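Have a look at the structure below, then the notes.
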2 protein chains.
Amino acid sequence: MNRSNPTVSGRSKGADFLQLDPAEAAPGGLADWLTDRLRTAISTGHLPVGTRLPATRTLAADLGISRGVVTESYQRLTEDGQIAGRGRAGTVVVAAPIGTAPAPMEPAVRRSTVLRQPGLDAFDTLRGVGSRIDLTPGVPDLAAFPRAAWIRAERAVLGNLEAAEFGYGDPAGTPALRRAVAAWLAQYRGIAADPDDLIVVAGVAQAIGLVAQLLAERGVHEVAVEDPGSLGSRQHLRSWGMRTPPVPVDDRGLAVDVLRKSGASVVMVTPAHHFPTGVVLDGERRRDLIQWAADGGLILEDDYDAEHRYDRPPVPALRAMLPDQVIYAGSVSKLLAPALRIGWMLAPPQYKDELIGRKRLADLGNAALPQLTLAHLMESGELERHLRFLRRRHRARRDAMVAAVQKYLPTATIHGAAAGLHLTITFDAAFDDVFDDVELAAAALDRGVKTHPLSWHCQLPHAPGLVLGYAARTPTEITDAIRTIGEAAAAPTAHRSTGPGSPNTPARTRRRPPRA
Amino acid sequence: MNRSNPTVSGRSKGADFLQLDPAEAAPGGLADWLTDRLRTAISTGHLPVGTRLPATRTLAADLGISRGVVTESYQRLTEDGQIAGRGRAGTVVVAAPIGTAPAPMEPAVRRSTVLRQPGLDAFDTLRGVGSRIDLTPGVPDLAAFPRAAWIRAERAVLGNLEAAEFGYGDPAGTPALRRAVAAWLAQYRGIAADPDDLIVVAGVAQAIGLVAQLLAERGVHEVAVEDPGSLGSRQHLRSWGMRTPPVPVDDRGLAVDVLRKSGASVVMVTPAHHFPTGVVLDGERRRDLIQWAADGGLILEDDYDAEHRYDRPPVPALRAMLPDQVIYAGSVSKLLAPALRIGWMLAPPQYKDELIGRKRLADLGNAALPQLTLAHLMESGELERHLRFLRRRHRARRDAMVAAVQKYLPTATIHGAAAGLHLTITFDAAFDDVFDDVELAAAALDRGVKTHPLSWHCQLPHAPGLVLGYAARTPTEITDAIRTIGEAAAAPTAHRSTGPGSPNTPARTRRRPPRA
């Protein structure tokens, strides 16, 4: 057999197929060993998507091990969504695990620097850092992207597209997608939106930029932000020249009284599911915030993962209650994939035309084909089916992470597990008084597990913690990763401070009880 | 037969099929009549793409006319690319003509206003104005978009995509597309580019914005532009706060001596094929401009349609000669479709990182799937095949327009027919001394033909003229449209001035000989 082609046929000999040697297995660990070898081969591309695995009987015979071991191993990889039975076609590789491709490990100092001093390229840099298991928050299960449905929808779109639609289009977006999104928002977010009021944008990041330009034009150079709150959103606002005074978030949500005292005229919030703590803005705070806006404040509502809800009632969008004072922004980044770069914003009438003008200036409007394909997926019900599927899968992964945290990080407090794609853990005074979550994140990364230190998302002093994404990881990976973080936290010096933090991360614990 | 469903079977009766009545035809004009009725039915959607037309024998019998008439009519529509023979499947509608969908005709005054005072939404507004034949420049033959190849390529891409690639990506673009574009530029534009120096952008419009932000950051608020020169580019530069002092373009290209005297430190140029006159920057001017840049000037090179060349030798990009002082920008808008919103820029090393940072800030980078699909089309040779096909088709359409202008607009001078997707015509003193091309464009639009008055693209006094796109129109449509413009020009008052033009269009002819 040609060793340069690891794709196997049923007749392949064990010695050839991945050069597997059962002797490598620990005593009684044959299934663990085989599962691990197969997962690695898939992640490194030695078993590319589409590859047919040997029949269990064949592989067992080749390796001289019991068929039950091979069956168990295939079963685990199937549960992880990496392989799938295809009837007579056999068992096929359907998806590679994410972030497990072997990348050159950065020196610990570099990783620590990225984590301690997150610059504008922090997310790109961290993405480039090699890791065994990536728990960075903010993405759904990307392996579940409905590839076949997407291609079907796009073929249908192309079959009916008028030639003129390949030309320059409406900078506010294609009518088809604006109709579909309006229907989606009405169904899932309780927002009655006129499609003409929707502006299709390249994700919430672009929406933030367009709004910042609009504010600057009006002499507004300050947008209050939640604290804790998204580092990415804060960086975008600042890059567009906005100051970002922090407003504390407690277990009832944004401290509206502090917002009012701050004198800020604009605030960016995530009321349905606060990032990163998952807190839901409670009824009284909601009324306070609405009143603040009714008194002349402007709310930028980032509804970033509202559709992902497991065991709590839905929370209507603020926009539904006060259309004239709320700029609403959402996207498919958490529903389908960030790589699609499709989002939308609903602007109050007085800002709509200017925002469309700024979108035109930015890029003449989003690309048409992906817009029309997404509209087709929304109108055909495919996106809703996908969301239901994601909910089941994400819930199982959420449960796996909660269980693992309780087992391996018993002193941690879990926040925001009722919804979303990630959860946040904080530590109380069990660790010594200069416990530093940046050091813990760096120690975890040294062990191959990538996370966000809670410090990234805080401007004010806060409890030390980590933001842990579970949606894109399999239960096996999640358990493995949390165990690793537990080891890092337990290591005597891993998370000790190495002296005062840099000015970029003032946030450190001084025996202060966790607020978020 | 159900009249609400015009889709026909071979058994349809003439009286039902489109309610055709040969009695409508002018004497001896049966083929013209039938062709026109079919084209209208296709454009209005009564015969959607995919509809099978009746067999020639059947339709001839239904209508009681000779089969030769039906055959000739089908033949014309086939040449126009609107229908195609599919063997046993019969003759099928494959593409609808562009811009011929009946839209509510705007009042002449509104159309005239759009043309005379082109605001930031001028292109969107004009696109929304109904017309019979759209000759606005700037798009290739959109009906020729390689739909099947695109879907094939995207399916191949999705079949091999790692899940992580659905996540957030490199704001500078996917490595695959940057490699493919570098190879394309080397092959077609004589530019040896390192893929790492390429930044994928949402078209040249976005590139202009990113560069303008970079210049403003450095205290530069002025970008000299060609005159005549693209209205769209000028509007973008101005919207980003740049002044746009005009530098004349004569039949040898940009007047570099005027540029030098202007004191401007940055200039935006289209040296390979000047927009809109098609002039090629000649050798001496090229050396002058390079020298100006070598002395510290910065050139923004818009290589907007360099690949479309018919009967003249290729012209290398300026970027190839002076990488350190030229920011090069190109896109697929003229190769495939503007709706893809994919372009690229090559920045001098000293600006690269900042431009990538500004692209990240704008939208976190282009969407991944279209990038990877385009890369596949480039690497598989599909795009090159498409370009060769477009060249043949565009050349025939160019020839049809030149012939029609010579026949119906004998006093017009033709510019820039050797390359590109459009040509420009100017008129000498044959018309009276206040001849106004905005009035002529409005008169043509009154007759259903959409064009750009040359005034749109001029800041300085210039010969009156029109910019006429031919790439997206069929020879039949082009001949029809030019005949119509001829009628508009010949009408006694159509193009007379209605008094002094608005400040927005100072450009009028005062017995001044055409410069461009």
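Just so it is clear: chains get the letters A, B, ... in the order the sequence lines come, proteins before strands, and each one is counted from 1. Remember, predicted model here, so these are calculated numbers, not experimental data.
Here A:P338 is the residue among A:A367, A:P338, A:A337 with the most heavy-atom pairs under 4.5 Å with chain B. For chain B, the option among A:E154, A:Q206, A:Q235 with the highest count of heavy-atom pairs below 4.5 Å is A:E154. The choice from B:G357, B:P370, B:A362 that makes the most heavy-atom pairs within less than 4.5 Å of chain A is B:A362. Your options are A:G167, A:A202, A:A144, and the one with the most heavy-atom pairs under 4.5 Å with chain B is A:G167.
Of the possible polar contacts, one joining the A:R127 side chain to the B:G169 backbone as a donor-acceptor pair under 3.5 Å is found.
For the pair A:R147/B:R155, no side-chain contact is recorded, criterion being any heavy-atom separation below 4.5 Å from C-beta on. Taking 4.5 Å as the limit, some side-chain heavy atom of A:H236 sits within range of a side-chain heavy atom of B:L364.
In this structure, the separation between CG on A:D363 and CG on B:N366 is 8.5 Å, given to the nearest 0.5 Å. In this structure, CG on A:L336 lies 9.5 Å from CZ on B:F166, to the nearest 0.5 angstrom. If you take CG on A:L340 and CG on B:L369, they are separated by 6.5 Å, rounding to the nearest 0.5 Å. In this structure, the separation between CG on B:L161 and CZ on A:F145 is 9.0 Å, given to the nearest 0.5 Å. The CG atom of A:L361 sits 5.0 Å away from atom CH2 of B:W240, with the distance rounded to the nearest 0.5 Å.
Contacts between A:Q213 and chain B at a heavy-atom distance below 4.5 Å involve the side chain alone, from C-beta outward. For a residue to count as touching a neighbouring chain, one of its non-hydrogen atoms must lie under 4.5 Å from one of that chain's; by this rule A:S333 touches chain B with the side chain only. For a residue to count as touching a neighbouring chain, one of its non-hydrogen atoms must lie under 4.5 Å from one of that chain's; by this rule B:I208 does not touch chain A. When heavy atoms are compared at a cutoff of 4.5 Å, A:Y168 approaches chain B by way of both its backbone and its side chain.
A salt bridge links B:D124 with A:R360: the closest approach of a Lys/Arg side-chain nitrogen to an acidic carboxylate oxygen falls below 4.0 angstrom.
Nearest approach of A:A163 to B:L142, heavy atoms of both residues: O-CB, 3.4 Å. What you find for B:A339 and A:E165 is that their closest heavy atoms are CB-O, 3.4 Å.
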